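Worth knowing before you read on, the calculation uses all heavy atoms, side chains too, and leaves out hydrogens, waters and symmetry mates. Note that the structure is a prediction, hence the values are computed from the model and not measured.
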Amino acid sequence: CFPDNYRCSACLAAYRKSFLDEYGIVFPYGLYYEDNIFFIQTVLKAKTILCIPCCFYNRRIRKGSTMTGEMSTKKCLDHIAINMLIWEELYQYEYKNTHINFIRKYISIRMIETFIFIKGFEQDKDVSKAMLSMMEFFMDKWLPIYSLTQLNWEDIYSLRCISNFLVHLKRDFNEAMQLKSGLLDDIVDTMVEEKLRMLPLQEAHSQVGIYGLGLHTQCMIKLYQRYVGPINCRLFFIVSEKKQNSFLNKRVVNCEEIPENAKIIISSQIFQHEMLHTLLGKGIIEEKIIMLYDTMSNYRCDMVMFAEADEEHYKRQIDSNIGKV
């Protein structure tokens, strides 16, 4: 059910008391968002889980509740503390290596949600200190699993968010943390370059069409030029309805005008299924179509989000280097 239908509320399940007693599963005292760690503990320890496809629970949403009330330093600190408890639970999980890809996805999404959650409280000294402790835990325990396999854009984006948070703190790091921070940047740079190098944009004699003129396409081109280099192919752009003849000094064609031997890149995440269906309906061979996102996966972020975070990282690096000079 993760992540789209993932619900961690303790009210959505019934538990054997003997099971909770056996493993000592209780809510952490005095913390908001306690359902998150409780749910993880029960799922990891349970031998059997039965799903009943009926609605037994009605939720009343009211003003001033934990979920609808105003954000506070306390809520930020508790969110971070719960994250740390979850990560420790996952790290101690005896079957974590069997489910490492899922755990990585879970950690990435929780990390992204955390940066969204604390937005506006980044400068709070207590929140910043707690976030740094969480980052150190992550770098020590979880960063190694990000270098073991191919990453998706959620993983890469979460790592870049961490890197952006850490960039102004590097002067306070010890040598070990400096090395891990450098490894973090290397992993992101390597994975982004690998993903982009799979695109045929450097093949000088190839005709390559990018479907769409939107922000996804512009971000993809900018990232490609930053991480790979100049575009050498015979580039053109494809639209469903032609309203202009050129874009970025390259010709624009509709789906009926696509050259027969051209390779096609679909850059959009939101509309990729619709674009693929349109191309196939026009008789384009599927082997010639390149997707930036796995059609079977539901992503919480895309290349646009990463490009924005990467631009922030790029500017912070420049500012940091100027500061050193």
Side-chain angles (χ1 to χ4, degrees), residues 1-9 12 33 35-46 49 51 79-80 82-118 131 134-166 180 183-196 198 216 268-270 272-273 291-310:
C1 69
F2 182 84
D4 293 322
N5 297 306
Y6 179 72
R7 300 290 183 271
C8 64
S9 173
L12 299 182
Y33 319 116
D35 284 5
N36 290 271
I37 179 62
F38 181 88
F39 184 78
I40 284 291
Q41 288 175 322
T42 56
V43 168
L44 295 185
K45 298 290 195 303
I49 298 175
C51 178
H79 178 92
I80 295 167
I82 292 294
N83 251 7
M84 297 278 280
L85 291 173
I86 290 173
W87 286 1
E88 184 63 40
E89 194 73 30
L90 290 172
Y91 191 75
Q92 299 297 331
Y93 181 46
E94 60 180 318
Y95 303 114
K96 70 174 182 288
N97 292 330
T98 304
H99 304 289
I100 203 69
N101 288 331
F102 169 79
I103 289 175
R104 189 185 68 243
K105 181 181 181 70
Y106 180 86
I107 290 173
S108 293
I109 291 177
R110 287 284 301 186
M111 183 71 73
I112 292 169
E113 290 174 347
T114 296
F115 280 105
I116 295 172
F117 191 88
I118 69 165
M131 280 292 289
M134 190 175 81
M135 297 299 100
E136 290 175 338
F137 184 103
F138 172 86
M139 301 282 268
D140 183 42
K141 297 294 196 300
W142 293 119
L143 182 59
I145 72 173
Y146 283 77
S147 61
L148 298 177
T149 185
Q150 189 72 26
L151 304 182
N152 60 38
W153 286 109
E154 285 167 348
D155 299 324
I156 297 171
Y157 176 66
S158 67
L159 294 182
R160 182 56 87 211
C161 288
I162 296 171
S163 180
N164 287 348
F165 179 83
L166 294 177
K180 290 173 183 175
L183 174 60
L184 172 65
D185 287 338
D186 289 343
I187 291 173
V188 175
D189 293 344
T190 299
M191 287 298 175
V192 173
E193 183 179 346
E194 284 184 5
K195 279 186 172 295
L196 295 173
M198 292 188 292
H216 279 84
S268 174
Q269 175 204 11
I270 299 174
Q272 65 175 355
H273 294 280
M291 313 283 285
L292 289 181
Y293 305 94
D294 182 355
T295 57
M296 300 302 292
S297 297
N298 295 316
Y299 291 91
R300 291 294 181 93
C301 74
D302 57 21
M303 192 177 289
V304 175
M305 293 173 65
F306 174 78
E308 292 173 352
D310 197 60

Practice problem: List the atom of Gln269, the atom of Tyr293, and the distance in Å for their closest heavy-atom pair. | Solution: CB-CE1, 3.5 Å
Quiz item: Are Met139 and Leu166 close enough, and set up right, to give a side-chain contact (heavy atoms from CB on, under 4.5 Å), and what steps lead you there?
Solution: CA-CA 11 Å; Met139 301 282 268; Leu166 294 177; 3.9 Å; yes
Exercise. Check whether any side-chain heavy atom of Ile80 sits under 4.5 Å from a side-chain heavy atom of Phe117, and report yes or no.
Key: no
Exercise. Find the distance between CE (Met198) and CG (Leu196) and round it off to the nearest 0.5 Å.
Key: 8.0 Å
Quiz prompt | Test side-chain contact (heavy atoms from CB on, under 4.5 Å) applied to Met134 and Trp87, step by step | solution = CA-CA 9 Å; Met134 190 175 81; Trp87 286 1; 3.5 Å; yes
Exercise. Could you list the residues that satisfy side chain to side chain donor-acceptor pair (under 3.5 Å) with Lys45, not counting sequence neighbours?
Key: Glu89
Self-check item: Stacked cation flag Lys141 on Phe137, 6.0 angstrom / 45 deg
Solution: yes
Quiz item: Taking side chain as C-beta onward, heavy atoms only, is Met131 less than 4.5 Å from Thr114?
Solution: yes
Quiz item: Is Asn164 reaching over with its side chain to a backbone N or O of Cys161, donor-acceptor style, under 3.5 angstrom?
Solution: no
Quiz item: Can you check whether Leu12 reaches Phe39 side chain to side chain, under 4.5 Å on heavy atoms?
Solution: no
Exercise. Could you tell me whether the side chain of Gln92 reaches within less than 4.5 Å of the side chain of Leu44, counting heavy atoms only?
Key: no
Practice problem: Say whether, by atom type as modelled, one donor and one acceptor occur between the side chain of Lys96 and the main chain of Tyr91 under 3.5 angstrom. | Solution: yes
Exercise. Find out whether Ile187 and Leu151 are in side-chain contact, i.e. whether some heavy atom of one side chain is under 4.5 Å from a heavy atom of the other.
Key: yes
Quiz prompt | side-chain contact (heavy atoms from CB on, under 4.5 Å) evaluation trace for Lys105 with Asn101 | solution = CA-CA 6 Å; Lys105 181 181 181 70; Asn101 288 331; over 6 Å; no
Exercise. Can you measure from CD (Glu308) to CE (Met303) and round to the nearest 0.5 angstrom?
Key: 13.0 Å
Practice problem: Report the residues that fulfil side chain to side chain donor-acceptor pair (under 3.5 Å) with Glu193, sequence neighbours left out, ordered by chain and then residue number. | Solution: Arg197
Quiz item: For Lys195, which residues count as a side chain to side chain donor-acceptor pair (under 3.5 Å) partner, sequence neighbours excluded?
Solution: none
Practice problem: Apply ring-ring contact (aromatic ring centres under 6.0 Å, His included) to Phe306 and list each qualifying residue two or more places apart in sequence or on a separate chain. | Solution: Trp153
Self-check item: All side-chain contact (heavy atoms from CB on, under 4.5 Å) counterparts of Asp189, not counting sequence neighbours
Solution: Arg160, Tyr227
Practice problem: Output all residues satisfying side chain to side chain donor-acceptor pair (under 3.5 Å) with Tyr146, sequence neighbours left out; order by chain, then residue number. | Solution: Ser108
Practice problem: Evaluate side-chain contact (heavy atoms from CB on, under 4.5 Å) for Tyr157 paired with Phe115, printing each intermediate quantity in order. | Solution: CA-CA 11 Å; Tyr157 176 66; Phe115 280 105; over 6 Å; no
Quiz item: Say you draw a straight line from CH2 of Trp142 to CD1 of Ile100; how long is it, rounded to the nearest 0.5 Å?
Solution: 5.5 Å
Quiz item: Between Arg104 and Asp155, is the closest basic N to carboxylate O distance under 4.0 Å?
Solution: yes
Quiz item: Are Arg110 and Asn36 side-chain neighbours, meaning at least one heavy-atom pair lies under 4.5 Å?
Solution: yes
Quiz item: At what distance, to the nearest 0.5 angstrom, does CD1 of Ile37 lie from CG of Asn83?
Solution: 9.5 Å
Quiz prompt | Spacing of Asp185 atom CG and Leu159 atom CG [to the nearest 0.5 Å] | solution = 9.5 Å
Quiz item: Taking atom CG of Asp302 and atom CG of Asn152, what is their separation to the nearest 0.5 Å?
Solution: 12.0 Å
Exercise. Quick one: closest heavy-atom pair of Cys301 and Ile112, and the distance?
Key: SG-CD1, 4.4 Å
Self-check item: Considering all heavy atoms, the nearest Ser9-Asp35 contact
Solution: CA-OD2, 3.4 Å
